[in-house]
Amino acid sequence: MTESFDVVIVGGAVIGSAAAFFLAEALPRSARVLVLEADTGYAHCATTRSLASIRHQFSTPENVRMSMFGTEFLRHAGARLEVNGEAPLIGFVEAGYLFLATAAGWATLQCNHAVQRAEGAQVALLGGEALAARFPWLATGDLAGGSLGLAGEGWLDAHGLMHGLQRKARSLGVQVRAGRVEALLREGSRIGAVRLADGSTIGCGTVINAAGTGAAALARTAGIELPVQARKRCVFHFRSPEAAPGCPLVIDPCGLYFRPEGAGFLCGMAPPEDEDPECSDFDVPPGWFEDRLWPLLAQRVPGFEAARPLSSWAGHYDVNVFDHNVILGAHPQIDNLLFANGFSGHGLQQSPAIGRALMELVLHGGFRSLDLGALGWQRVLQNRPLREVNVV
Ligand SMILES: Cc1cc2nc3c(=O)[nH]c(=O)nc-3n(C[C@H](O)[C@H](O)[C@H](O)COP(=O)(O)OP(=O)(O)OC[C@H]3O[C@@H](n4cnc5c(N)ncnc54)[C@H](O)[C@@H]3O)c2cc1C
């Protein structure tokens, strides 16, 4: 072994870059932090294939708090991530989410609303008539109402955030290298080193698993079973001759979502569970837009009858099949391996909160700002799921 680092971060997309940034800010300049990234083009990671949106409308207080910190971070990211007078282009648009509910889902929406309000989120419940008055382009006949984010929710440039975090971390001394970690070399209750695909090894004080959908394979090399699987999610870009003024990110009761993007719109929907196997390819299934999404779009927004598809892509959600929430922190069997995996579709918006939390775990051995203890391994090992109801 020729080299050793205080912290080795495996995976350099948004979570790895956020951890690197917060560590670089907090640690003395003499500390050695290394990010190892298998694909420095970031062609297939979830971060760059994401819908890149942020909401406060979750059912779990921890998720609301993390996203609220995400908003604060995004609002000031230009100044915080500036390097040599140049601020990153993050393109944060605060335009809100609108969760719609039929009579069947209204009680759940109200319940979630109470959780969000208790955390200080600025959200409002609108009945059917108020919805129709505010969004006249929306078909509301079957709806009991909706929950609208009034501030702090919206969308951003995911690549811009990742790049900005990484660039700032580098400017503060973090090293970022191309390299696939093939194995975590375990010595009893510690990881002594990581082994790369070229056979070289690098010693480590702490290792952070930020490998996204590669996290379970990485954990397995250290004898840990991480319940995270890749699930395909497709996003479709379309244009519509009919405008939808003031359109937020709309979540239909059937699971369909859509939001503006430039002069057009993005939309998508999770497949039913029995059509959602673990996946490895990035093919967009034929007919998804025309046969499945378009009829639903036109049902909710009659003006979308004239929608025209422009392009599409597939990405992989890093799904925690245990309870759809991140698994954060050390496994009781290994002291110096920190996990931040299984975001199940909401990792981009949580990246600032998770980066800060990982920094606190490395520096202090515990959380200092948000208490995210409920998101640790104990719940998995003791079979106590912390379920997030609002998974999109
Ligand atoms: C279609 C889609 C829409 C989404 N929409 C949203 C949204 O609107 N809002 C939101 O908050 N989240 C969204 N997400 C989820 C979000 O993108 C992810 O949760 C988040 O990007 C996870 O970041 P990450 O850094 O953990 O993983 P990734 O972005 O997947 O990055 C993992 C990195 O680790 C590297 N890696 C893996 N294994 C190794 C190894 N062994 N050695 C070295 N490097 C390795 C990979 O090359 C990759 O670059 C969406 C995801 C998808 C797919």
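Whatever order the structure lists them in is the order used to number ligands and atoms, beginning at 1. Residue numbers count from 1 along this sequence.
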Residue part near ligand 1, for [X], under 4.0 Å between non-hydrogen atoms:
X	answer
L36	backbone
H316	backbone
A52	backbone

Nearest neighbour of [atom] from the list [options], on a heavy-atom basis:
atom	options	result
atom 26 (O) of ligand 1	V228, D39, I15	I15
atom 22 (C) of ligand 1	L218, T40, D318, T48	D318
atom 13 (C) of ligand 1	A197, G345, A18	G345
atom 9 (N) of ligand 1	S53, S17, A19	S53
atom 39 (C) of ligand 1	A43, A211, A158	A211

R233: numbered ligand 1 atoms lying under 4.0 Å from its heavy atoms: 1 (C)

For V10, the ligand 1 atoms whose distance to one of its heavy atoms is below 4.0 Å: 40 (C), 42 (N), 43 (C)

Shortest non-hydrogen contact between A357 and L372, atoms and distance: CB-CD1, 3.9 Å

What about the rings of [X] and [Y], do their centers lie closer together than 6.0 Å?
X	Y	value
F92	F73	no
F58	H346	yes
Y257	Y97	no

Tell me which protein heavy atom sits closest to [atom], plus the residue, atom name and distance to 0.1 Å.
atom	result
atom 16 (C) of ligand 1	L348 N, 3.7 Å
atom 23 (O) of ligand 1	T47 OG1, 3.4 Å
atom 31 (O) of ligand 1	A13 CB, 3.1 Å

Stacked cation flag R167 on F21, 6.0 angstrom / 45 deg: no

Within 45° cone and under 6.0 Å: R233 NZ/CZ vs Y317 ring: yes

Whether R186 side chain and A222 backbone form a donor-acceptor pair below 3.5 Å: yes

Using distance alone, determine whether [X] and ligand 1 share an N or O pair under 3.5 Å.
X	value
V181	yes
F343	no
E37	yes
R49	no
C45	no
W313	no
G347	yes

Partner of R259 under side chain to side chain contact (heavy atoms under 4.5 Å, CB included), chosen from L98, V93, L51, V250: L51

Residues S147 and Q57: side-chain donor-acceptor under 3.5 angstrom: yes

Donor on one side chain, acceptor on other, N63 and E388, under 3.5 Å: yes

Electrostatic pair R177-E37, nearest N-O below 4.0 angstrom: no

N-O pairing of K168 and E25 below 4.0 Å: no

Close approach of G179 to ligand 1, heavy atoms, under 4.0 angstrom: yes

